[in-house]
Amino acid sequence: MRRSATLAAAVMSASLVLTACGSDGDDTGGKAATTHSDKPAETRSVTAENGTVKVPATPRRVVTIGNTGLPFIDLGGKPVGVTEASDSDLDVLPKEQRTAYEAAEIIGSSGGEVDLEKLAALKPDLILVQFSSKDWDKVGKRLEAIAPTVSWGLDTEWKTFADAIAEVGNVADALSLQKTAFKEKVAKIQATYGKIIDKTSFVDVSRGNWNDPGTFYIADIGCSEIARDDIGLDLPKAAEGKDPLAYASLPFEQIRDLSKYDVITYPVDADGVPTKPFKPVVETNTWKALPAVKSGRALGLFCPGNNSYGPVNRYLDSLDSALATLSGKQ
């Protein structure tokens, strides 16, 4: 499980580089929306981090940069250009979404390099980006010279982000279906396992590729937030104004402190196998000795992402199945 979508986007933003920029003029763009028809395309105004932007009412050639790509594809969007997604993100995509991603032109690396020449050559009629305000100040005008560009900040809450991408990208119908499914899944879990949830203390633990050897962390962001804030699980979180607990790497010696919780959740892949980064944790004798582990109350959860409704709904399915195993164990 990744720390959070925001952190992944922050990595991209921190090293943003635009290549093949040419001059700072606008002779490369601003016309893409009208090149596919003899008459100007219909537009509508949307409000985003970079102000009010006129965008095509029905965009046909969308380029996504940074964290906008997979959420747009999750809503059924078919971008003509994307920045590269990580292997870990691609590995958990449904087949049709992987196909949509692979059909797009790669115009930038996952590390943050964006090739403006490739971008302009695609003649987009809409560009979606997620940047820090600092990076937007550096490159926003150049992107806007190519096509109408809509930008969101790195701290945009995931539900707000999904709503905004659906509106701008004209994929609101898919969003409506996903939101309905989300509400139904949340209601089902709360109704089915309400008594268990009310009397049980949980802790969500994880480990990423970025963690030093021999360390793990307590997850209070990402999918853990959804379990806590939407479902109502009693999960630890950072004090108001403090950094998330997930930012602190804890030594394996502190695994024994997890014995105070009734149920432990941890990351697994789609097949229910502990993720590769977390595997060293479950192999320790300290983990195996935990009361929750010995009694079958350590639950593996699959979190394919937490930045759009599709992967979140898959997470809720995993949580539903995991909670079902607690019946009779409380």
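Residue indices begin at 1 and follow the sequence shown.
Taking all atoms of both residues into account, the shortest heavy-atom contact from Lys279 to Glu283 is CE-OE2, 3.0 Å. Nearest heavy atoms, Ala238 versus Asp220: N-OD2, 3.1 Å. Considering all non-hydrogen atoms of both residues, Leu116 and Arg142 come closest at CD1-CB, 4.1 Å. Closest heavy-atom contact between Pro274 and Tyr266: CG-CE1, 4.1 Å.
Tyr193 and Asp320 form a side-chain donor-acceptor contact under 3.5 Å, judged by distance and modelled atom types alone. For the residue pair Ser201 / Asp262, a side-chain donor-acceptor distance below 3.5 Å is found, with atom types taken as modelled.
Residues Asp163 and Lys179 are paired through a salt bridge, judged by an N-O separation under 4.0 Å between the basic side chain and the carboxylate.
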Lys237 and Asp229: CA distance, side-chain angles, deciding distance, salt bridge (Lys or Arg N to Asp or Glu O under 4.0 Å) verdict: CA-CA 11 Å; Lys237 65 176 180 178; Asp229 299 341; 5.2 Å; no
Would you give me the side-chain donor-acceptor pairs under 3.5 Å for residues 284-292, sequence neighbours excluded?
| from | atom 1 | to | atom 2 | distance (Å) |
| --- | --- | --- | --- | --- |
| Thr284 | OG1 | Val281 | O | 2.8 |
| Thr284 | OG1 | Trp287 | N | 3.1 |

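Rounded to the nearest 0.5 angstrom, Leu143 CG and Lys138 NZ are separated by 13.5 Å.
Hydrophobic cluster membership for Leu90: Leu70, Ile73, Val82, Leu93, Tyr101, Ile106 (Ile, Leu, Val, Met, Phe, Trp, Tyr linked by side-chain heavy atoms under 4.5 Å, directly or transitively).
Under the 30°/60° scheme for interplanar angles, the aromatic rings of Phe252 and Phe216 are found to be tilted.
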